[in-house]
Amino acid sequence: MPSKWIGQPEVRLTERTAIRPDMEVTALPTPALLMDLDGMERNLLRMANFFRGVRPKLRPHFKAHQVLSLAKRQMEAGAVGLTCARLSQAETLVDQGIDNILIANEIAGDGKIRHFVDLSQRAPVLVAVDNPKVVSDMARLAGEWKERLNVLVDVDVRLGRCGVKPGEEALSLARLVLEKGLIFRGLMGYEGQVALPPGPEKDRVVNEALKHLTDTKTMIEHAGIGVEIVTCGGTSDYSIAANFPGVNEIQAGSYLLMDSTYVPFAPEFEPTLSILATIVSKTPGERIVVDAGFRAMSGENGLPAVKSNVGLRAKALHIEHMVLEIADPTVCTEVGDKIEIWVRFLDQTLGLHDYIYGVRGGKVEEILRIEH
């Protein structure tokens with residue numbers, strides 16, 4: 001993929017600090033969120049190639065990177081549309097000319113429903129629903145615009161979070177959507193991250209969950225209601241879901257950037273995100289301390305590992321610092337040196353940064369603004 005500079009030709013963080021094209025990665029102020037461009041591009045191509053060989057289409061999750069240029073690359077690579085977690089994200093994408101969007105979270109309250117109605121006048125945005133009151137409120141607040149509101153009934157197939165029960169409860173809500181004059185487009189069922197390595201047990205868990213979804217589709221169709229969309233799946237089970245009869249959209253997202261926690265459950269994709277940090281303290285033979293803590297990376301899924309340096313082991317994560325044990329006394333690190341730390345939980349880490357720095361060959365090649 002050709003080298004190109006994305007975003008501003010320069011990002012000025014302070015009066016004294018500016019990030020410029022082609023600067024050395026080690027010249028970046030720390031902590032900084034890095035993305036390996038070669039790895040990202042391989043992940044993008046690997047997923048795109050998979051979906052060229054199956055009937056369902058990919059609708060990747062925008063929240064897994066929150067970068068407009070990456071969303072456009074996914075669309076160019078064959079994605080049918082994008083999935084969002086929030087109304088604000090959907091509006092940002094519509095502003096950029098991307099209009100095939102699913103808001104895969106429920107919305108409630110007059111303010112958010114009015115926002116959705118307004119957005120639906122600009123683009124045929126889909127939203128998930130699981131509550132009769134919300135459906136009635138949508139019809140009431142939309143008035144003459146209600147015939148432009150596109151909804152999916154959210155079915156709880158495994159996760160135990162949002163969604164109606166499979167079967168009769170989903171059918172009842174689909175009927176209400178039509179009675180209220182909204183557009184019923186189909187079903188959504190998120191089975192959650194399937195934290196299992198590839199194998200028979202993972203296949204069993206995913207297939208069991210998706211059977212609830214497609215059996216519900218069959219019931220609704222037998223009641224004379226068309227079901228255009230059946231959307232589900234994620235990075236951990238995309239290949240299983242894409243081969244399940246009756247499914248036609250997959251919502252994988254984490255595959256593009258990946259974090260180190262997710263790799264065992266989708267080993268065909270490689271982690272691309274790391275935190276660049278500076279060593280600010282060293283106790284010889286015992287420990288080093290870097291200037292990246294909870295304000296630079298998530299520790300929710302456990303302590304992260306150091307990239308390309310097995311002689312350093314994470315010991316503690318503090319607000320502004322990370323303490324690393326010197327496990328190998330031959331490791332040559334000094335105060336002022338910079339090291340990279342794997343991102344362990346990308347969703348939460350993205351919320352702590354304004355930019356991702358796309359790097360290749362030791363240099364900053366792209367600056368990617370995170371759309372918070």
Side-chain angles (χ1 to χ4, degrees), residues 1-2 4-8 35 37 40-41 43-52 56-107 112-129 145 148-152 154 182-183 185-186 188 190 228-235 238 242 248-257 272 346-347 350-351 354-356 358 366-372:
M1 197 170 287
K4 57 182 177 179
W5 186 258
I6 302 296
Q8 301 98 319
M35 176 183 66
L37 284 167
M40 179 276 290
E41 289 166 1
N43 289 344
L44 178 68
L45 183 60
R46 187 170 288 112
M47 187 66 91
N49 285 340
F50 172 83
F51 275 94
R52 289 190 185 101
K57 301 299 182 183
L58 177 65
R59 185 187 287 275
H61 234 300
F62 182 67
K63 72 171 184 177
H65 52 73
Q66 300 174 50
V67 174
L68 291 171
S69 63
L70 294 181
K72 290 176 180 178
R73 290 186 195 190
Q74 289 174 311
M75 295 293 291
E76 290 166 1
V80 69
L82 291 167
T83 306
C84 290
R86 298 181 179 180
L87 265 168
S88 57
Q89 293 174 348
E91 187 167 36
T92 296
L93 291 168
V94 170
D95 289 343
Q96 293 296 312
I98 300 173
D99 60 6
N100 192 344
I101 300 163
L102 164 63
I103 303 169
N105 280 348
E106 280 68 13
I107 60 173
K112 287 191 175 181
I113 291 174
R114 286 194 178 98
H115 188 178
F116 174 64
V117 172
D118 291 342
L119 191 58
S120 295
Q121 294 176 38
R122 298 174 54 199
V125 177
L126 296 153
V127 71
V129 297
W145 295 104
R148 292 196 179 188
L149 302 192
N150 293 270
V151 301
L152 300 177
D154 187 4
L182 313 183
I183 305 172
R185 296 287 301 279
M188 183 185 87
Y190 180 47
E228 174 190 348
I229 296 169
V230 179
T231 181
C232 61
T235 297
Y238 73 96
N248 56 23
E249 283 189 6
I250 306 297
Q251 296 177 28
S254 296
Y255 75 93
L256 188 66
L257 302 188
T272 72
L346 72 84
D347 298 78
L350 288 170
D354 294 322
Y355 297 97
I356 303 174
E366 302 186 12
I367 292 180
L368 305 124
R369 186 163 71 92
I370 300 170
E371 301 291 333
H372 292 301

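- Between the side chain of T83 and the backbone N or O of R59 there is at least one donor-acceptor pair closer than 3.5 Å.
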Assess whether side-chain contact (heavy atoms from CB on, under 4.5 Å) is satisfied between L126 and M188, documenting all intermediate values.
CA-CA 11 Å; L126 296 153; M188 183 185 87; over 6 Å; no
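- A search for side chain to side chain donor-acceptor pair (under 3.5 Å) contacts involving D95 returns R122, not counting sequence neighbours.
- At least one side-chain heavy atom of L68 sits less than 4.5 Å from a side-chain heavy atom of F62.
- Closest non-hydrogen pair, N100 versus V80, comes out as ND2-O, 2.9 Å.
- M47 CE to Q74 CD: the interatomic distance, rounded to the nearest 0.5 Å, is 9.5 Å.
- No side-chain donor-acceptor contact under 3.5 Å links D99 to the backbone of V94.
- Remark: E228 pairs with R185 by the salt bridge (Lys or Arg N to Asp or Glu O under 4.0 Å) rule, at least two apart or across chains.
- At a threshold of 4.5 Å between non-hydrogen side-chain atoms, the residues V117 and Q121 count as touching.
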Starting from the C-alpha separation in whole Å, work towards a yes-or-no answer on side-chain contact (heavy atoms from CB on, under 4.5 Å) for L37 and M35.
CA-CA 6 Å; L37 284 167; M35 176 183 66; 3.5 Å; yes
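- N105 contributes a side-chain N or O that, together with a main-chain N or O of A85, makes up a donor-acceptor pair within less than 3.5 Å.
- Summarising the geometry of T272 relative to L257, their closest heavy-atom pair is OG1-O, 2.7 Å, with the distance given to 0.1 Å.
- For the residue pair N43 and L256, the shortest heavy atom distance occurs at ND2-O, 3.2 Å.
- For the pair I250 and G234, the tightest heavy-atom approach, listed with the atom from each and the gap, is CG2-N, 4.4 Å.
- One distance of note links CE of M75 with CG of L58; it measures 10.0 Å at 0.5 Å rounding.
- When all heavy atoms of A71 and H65 are compared, the closest pair comes out as N-CE1, 3.6 Å.
- Evaluation of the ring pair (Phe, Tyr, Trp, His ring centres under 6.0 Å) rule for F50 yields Y238 as partners, not counting sequence neighbours.
- At least one donor-acceptor pair closer than 3.5 Å links the side chain of T235 to the backbone N or O of S254.
- Closest approach of A104 and A128 over heavy atoms only: C-CB, 4.3 Å.
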